[in-house]
Protein chains: 2
Amino acid sequence: MLENKISNAVIRRLPRYYRHLGELIEMGVERISSNELSMRMKVTASQIRQDLNNFGGFGQQGYGYNVKHLYVEIGKILGLDKKHSLVIIGAGNLGRAIANYGNFEKRGFIIEGIFDINPKLTGSTIRGIEVRNLDEIEDFAKEHEIDIVALTIPKAQAINVAERLARLGVKAFWNFAHTDLNVPDNVIVESVHLSESLMRISYMLENGSSFD
Amino acid sequence: MLENKISNAVIRRLPRYYRHLGELIEMGVERISSNELSMRMKVTASQIRQDLNNFGGFGQQGYGYNVKHLYVEIGKILGLDKKHSLVIIGAGNLGRAIANYGNFEKRGFIIEGIFDINPKLTGSTIRGIEVRNLDEIEDFAKEHEIDIVALTIPKAQAINVAERLARLGVKAFWNFAHTDLNVPDNVIVESVHLSESLMRISYMLENGSSFD
DNA sequence: AGATAATTGATAAATATTTGACAAGCTAGG
DNA sequence: CCTAGCTTGTCAAATATTTATCAATTATCT
């Protein structure tokens, strides 16, 4: 809002910068130039400088960028300095994979609940979190502030649950169902369509050439 | 190669057209205009016409596009008329999620093997496929033609396995590890970085605005 | 069969994104 | 404290992508 307007292309790249900077910190690297980083990340140095400049001058001429500082600043831009509550709908393999990946919690994404329709799963626990019956999701949403809902259920159910929860004020969906969701435009939808990803591989196998 | 050169942006959209056309077939829709499709998919009609025209004139003035025909043609472009062998490295929740999602097989992606390093998992079966010890992967790769390797293991192992298998001629990796792979440029890498996806949601929660 | 409405494919214009180039400023070494 | 060598931030040029427009063609209706 303050800034003129950050382009989508830049936003899509930010998490990757964040990841690489984190790796550099682990390696004990204190400073890095756009040129060194460009070789590591296989993008142009010009793009890195221009991307980062959207958010202010993090670098210094003759020195480069301070890795730790840049990491923290990009983290703030991405909102990783704040906690976000996450609810998982679907306790199948995919839902459990997300629930069990500990690094999300480290980044401030707190799993507040897991829901499923299958009575064989409800009542069991995943990482200490009880799997509740999906019927309870609306009451739960009223009692808890939910930032993000991960949908790891079949498409018909995903569409239905998303509509209901959007009405209750959920602002973001992380959609793993193989469908588009039907929610108002102001609701955030980030979809992970695995079948589309696999089809792109198929295309590339046919036609050679790889893309970002 | 034949065609002048299809832009990346177009390729990235093809699987989504394919999915929507599949849904239209299920609904019994026989023909559709770029304008109707544009409302369904929430993209411009102009973009649809231009995208499809990259591959030849599938439409007809005054009529629109024949849904079934377009679906089949896009399927061919994506290489879905051919079978592809798939090996999954990592029998954790994510690997099992992929193995258990039956629709991949319908699209011609045949799971030829599942591998893991964990002795508690090796020997068990997933959808009738035995989980083998990761040590056997290189022998397996020599005996079988593997088109695609899905990596659902931690990053250090993923980098290592990808390097070894790329040397043995594997041409495509479906990478779920939170890292870049280190393979030659002619090897296809399609990465699904869940943490980056989640960070984009975090950014959007902070800054409003949603993007494709 | 002719008139009207629908709809594509193609072209051109408008936007968006990426890359190249370089002055200005900082570092580091003597 | 001065100089040589880096390296950024910025501006402009080059590419890539998206959108608007419209002539030409086909379907549909009477």
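Here is the naming used below: chain letters follow the sequence lines, and residue numbers restart at 1 for every chain.
Considering only the side chain of B:A9, D:dT17 comes nearest among C:dT18, D:dA27, D:dT17. For B:T44, the listed nucleotide lying nearest its side chain is D:dT19; candidates were C:dT27, C:dT18, D:dT19. The side chain of A:S33 lies closest to D:dT8 when the candidates are D:dG9, D:dT8, C:dT18. Considering only the side chain of B:R49, D:dC22 comes nearest among C:dT17, D:dT19, D:dC22. Side-chain atoms of A:Q61 lie closest to D:dT7 of the nucleotides D:dT7, C:dC22, D:dT17. Which of D:dG9, D:dT10, C:dG9 sits closest to the side chain of A:Y65 comes down to D:dG9.
No N or O donor and acceptor, one from the side chain of A:E36 and one from the base of D:dT7, sit under 3.5 Å apart.
Residues A:L14 and A:I74 come closest through the heavy atom pair O-CG2, 4.0 Å.
Rounded to whole Å, the distance from CE on B:M39 to P on C:dT7 is 10 Å. What separates CG of B:L70 from P of C:dT7 is a distance of 15 Å, to the nearest Å. The interatomic distance linking A:Y63 (OH) with C:dC26 (C1') rounds to 12 Å, in whole Å. Protein atom CG of B:N8 is 13 Å distant from nucleotide atom C1' of C:dT17, rounded to whole Å. Taking atom CD1 of residue A:I48 and atom C1' of nucleotide C:dT17, one finds them 16 Å apart after rounding to whole Å. For B:Q50 and D:dT18, the CD to P distance is 9 Å, given to the nearest whole Å. Remark: C1' of D:dA16 and CZ of B:R12 are 11 Å apart, rounded to the nearest angstrom. Rounded to whole Å, atom C1' of D:dT19 lies 9 Å from atom CD of B:Q47.
For B:F115 and B:F140, the distance between ring centers is under 6.0 angstrom.
Where B:F58 and A:R31 each meet DNA chain C at their nearest nucleotide, the meeting point lying more 5' is that of B:F58.
In this model, the phosphate group of C:dT7 is not approached by any side-chain N or O of B:N35 to a distance below 4.0 Å at OP1 or OP2. Put simply, A:S34 has a side-chain N or O that comes within less than 4.0 Å of OP1 or OP2 on D:dT8.
Among B:R40, B:R16, B:K42, the one residue that satisfies the salt bridge (Lys or Arg N to Asp or Glu O under 4.0 Å) test with A:D180 is B:R16. With A:E36 as reference, A:S33 is the one residue of A:S33, A:S38, A:S34 to meet the side-chain hydrogen bond (donor to acceptor under 3.5 Å, both in side chains) rule.
Ring-plane geometry between A:F104 and B:H178 is classed as tilted, the angle between the planes lying from 30 to 60 degrees on a 0 to 90 degree scale.
Within the nucleic acid shown, B:S46 comes within 4.0 Å of at least one base atom, counting heavy atoms only.
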